[in-house]
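As the structure lists them, so they are numbered: ligands from 1, and atoms in each ligand from 1. Values below: every heavy atom of this structure, side chains too, minus hydrogens, waters and symmetry copies.
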Amino acid sequence: MKAEKLNLGTLCVQGGWNPGNGDPRVLPIYQSTTFKYETSEQMAKLFDLEAEGYFYTRLQNPTNDAVAKKIADLEGGIGAVLTSSGQAANFFAMLNICEAGDHIVSSSNIYGGTFNLFGVTMKKMGIECTFVDSDAPEEEIAAAFRPNTKALFGESVSNPGGQVLDIEKFARLAHSHGVPLIVDNTFPTPINCRPFEWGADIVTHSTTKYMDGHATSVGGAVVDSGRFDWQAQAERFPGLTRPDASYHGLVYTEAFGQAAYLTKLTAQLMRDLGSIPSPFNCFLLNLGLETLHLRVPRHCANALEVARWLKANEKVAWISYAPLEGDKYHELARKYMPGGTCGVIAFGLKGGREESIRFMDRLKFISIVTHVADARTCVLHPASHTHRQLSDEQLLEAGVRPDLIRLSVGIEDVGDILADLQQALHG
Ligand SMILES: *Cc1c(COP(=O)(O)O)cnc(C)c1O
């Protein structure tokens with residue numbers, strides 16, 4: 001049976017690993033840095049990218065590859081590369097097509113770590129980023145593009161603000177400027193949203209969140225739709241369309257066609273910078289993925305009930321959760337992710353920042369952790385924690401109000417979640 005004929009739930013359970021007769025039923029952990037060959041010639045061909053095979057786990061490992069394939073199939077992509085974190089995924093997705101002197105455009109409604117990566121660290125490397133308000137009209141965002149722009153970036157559902165990206169609008173903007181659209185699809189996961197179906201070219205993930213789902217393993221993924229025509233923009237993407245001196249003058253688009261982008265990412269970035277996940281972490285990620293299709297709907301159902309309850313509560317000043325009727329992003333959410341967005345709710349309390357902190361400290365089993373999107377309900381105050389490095393001005397630019405509480409609703413019994421919120425708000 002071909003993987004692409006299977007539905008999402010079946011891919012979650014069965015995807016990636018297809019054992020042959022007498023093979024282990026469960027994806028094995030290939031806890032080996034290296035792989036054995038009979039002849040020197042066989043190994044040499046691997047180093048020249050002339051033959052396919054495993055030789056060193058920094059480049060490829062069978063456990064990791066099986067999990068990457070599962071994620072690629074879930075997204076409807078042609079392949080994926082796993083990374084040691086979501087940060088590494090977004091960095092590699094960009095660095096694979098950018099170098100010093102280049103420029104990218106990004107929605108400003110993004111994860112704080114990515115905001116710093118694009119705005120500070122990549123800037124030091126000579127890659128500039130213009131942040132745009134993703135809700136602005138198309139003409140306004142178009143003005144941010146320059147001749148040296150290499151990519152457009154956005155989060156399908158932003159962390160922590162919960163803003164929903166108009167993916168088709170962003171795809172039009174990217175393609176009319178000859179660049180790929182890269183979408184970080186961490187929060188909805190492919191269970192709720194598949195950005196490739198709306199024109200995205202590359203999808204990234206922090207698999208640390210719902211995909212792993214149990215807060216055991218930091219990880220990331222870069223998935224390629226295979227649809228962006230690098231050759232048609234040969235001048236803009238010389239790294240893919242001109243000879244690579246580090247591989248005897250090989251040209252990725254000529255040698256690998258559709259697989260050019262991911263092959264380059266593995267062959268150059270993984271080779272030189274590392275950032276692979278361990279096979280053991282991939283094994284844990286795979287266990288998480290086996291129940292993704294069951295957990296995500298439960299997160300969404302619990303979160304909708306909690307969001308409705310919060311909205312009706314007199315102590316709550318404002319709430320942002322796109323599945324709520326009347327939310328600013330309700331229509332976009334209905335279009336791009338009709339089954340729900342995710343379990344993460346943003347809200348503020350009357351009494352502002354101080355009251356938010358008091359409320360969080362009173363919670364019992366709902367804990368304060370630097371995490372989001374796992375089975376256990378948790379809270380965080382981004383202005384004091386994840387986004388602490390940002391000024392109040394930058395916070396607002398990143399769509400994070402200083403009083404914002406990020407509540408990540410888990411898969412416990414919702415009655416208990418409501419009771420804990422109730423006692424903390426009114427206790
Ligand atoms: C957490 C997160 C990241 C960073 O991922 P790590 O796995 O923590 O490195 C990137 N993007 C989004 C949307 C995230 O939620």
Side-chain angles (χ1 to χ4, degrees), residues 67-68 71 75 80-95 104 106-122 129 131 134 151 153-165 167 170 182-190 192-193 195 200 202-223 273-278 281-282 284-285 288-289 296 299 303 322 336-337 341-346 369-374 378-380 382 385-390 398-400 404 406-409:
V67 183
I71 291 174
E75 284 288 5
V81 171
L82 299 187
T83 57
S84 54
S85 67
Q87 284 302 108
N90 282 326
F91 179 46
F92 282 15
M94 283 299 176
L95 194 63
I104 60 174
S106 171
S107 162
S108 58
N109 290 323
I110 55 172
Y111 177 66
T114 314
F115 195 82
N116 277 328
L117 169 67
F118 292 169
V120 180
T121 299
M122 280 175 44
C129 179
F131 290 105
S134 50
F153 180 91
E155 288 177 5
S156 48
V157 175
S158 68
N159 176 4
Q163 294 96 344
V164 177
L165 186 71
I167 304 172
F170 259 49
I182 303 178
V183 172
D184 182 332
N185 196 35
T186 297
F187 268 13
T189 82
N192 280 344
C193 177
I202 309 287
V203 158
T204 58
H205 281 280
S206 166
T207 61
T208 318
K209 315 296 165 52
Y210 291 112
M211 284 192 169
D212 169 78
H214 303 79
T216 68
S217 313
V218 175
V222 181
V223 192
L273 302 174
S275 306
I276 50 137
S278 71
N281 274 11
C282 291
L284 292 174
L285 169 58
L289 287 167
V296 166
H299 279 287
Y336 292 111
M337 40 204 94
T341 53
C342 61
V344 182
I345 298 169
V369 294
T370 303
H371 207 259
V372 63
D374 72 80
C378 62
V379 280
L380 189 86
H385 306 135
T386 46
H387 290 60
R388 200 178 177 85
Q389 282 93 355
L390 304 190
V400 182
L404 184 152
R406 184 181 74 185
L407 175 64
S408 175
V409 180

Just by modelled atom types, is the [Y] backbone N or O under 3.5 Å from a matching donor or acceptor in the [X] side chain?
{"X": "Ser158", "Y": "Gln163", "result": "yes"}
{"X": "Asn192", "Y": "Thr341", "result": "yes"}
{"X": "Asp212", "Y": "Thr216", "result": "yes"}

Check your understanding: Do the ring planes of His387 and Tyr111 sit parallel (below 30°), tilted (30 to 60°) or perpendicular (above 60°)?
Key -> perpendicular

Practice item. Any chance you could measure Cys342, atom SG, to Lys209, atom NZ, to the nearest 0.5 Å? Key: 11.0 Å

**Study point:** With Thr121 via side-chain hydrogen bond (donor to acceptor under 3.5 Å, both in side chains) - residues at least two apart
**Key:** none

Could you go through ligand 1 and list every pair where one of its N or O atoms sits under 3.5 Å from a protein N or O, giving the atom names and the distance to one decimal?
from     : atom 1 : to     : atom 2 : distance (Å)
ligand 1 : 5 (O)  : Ser206 : OG     : 3.0
ligand 1 : 7 (O)  : Gly86  : N      : 2.8
ligand 1 : 7 (O)  : Ser206 : OG     : 2.8
ligand 1 : 7 (O)  : Thr208 : OG1    : 2.6
ligand 1 : 9 (O)  : Gly86  : N      : 3.0
ligand 1 : 9 (O)  : Gln87  : N      : 2.9
ligand 1 : 11 (N) : Asp184 : OD2    : 2.7
ligand 1 : 15 (O) : Asn159 : ND2    : 2.8
ligand 1 : 15 (O) : Lys209 : NZ     : 2.7

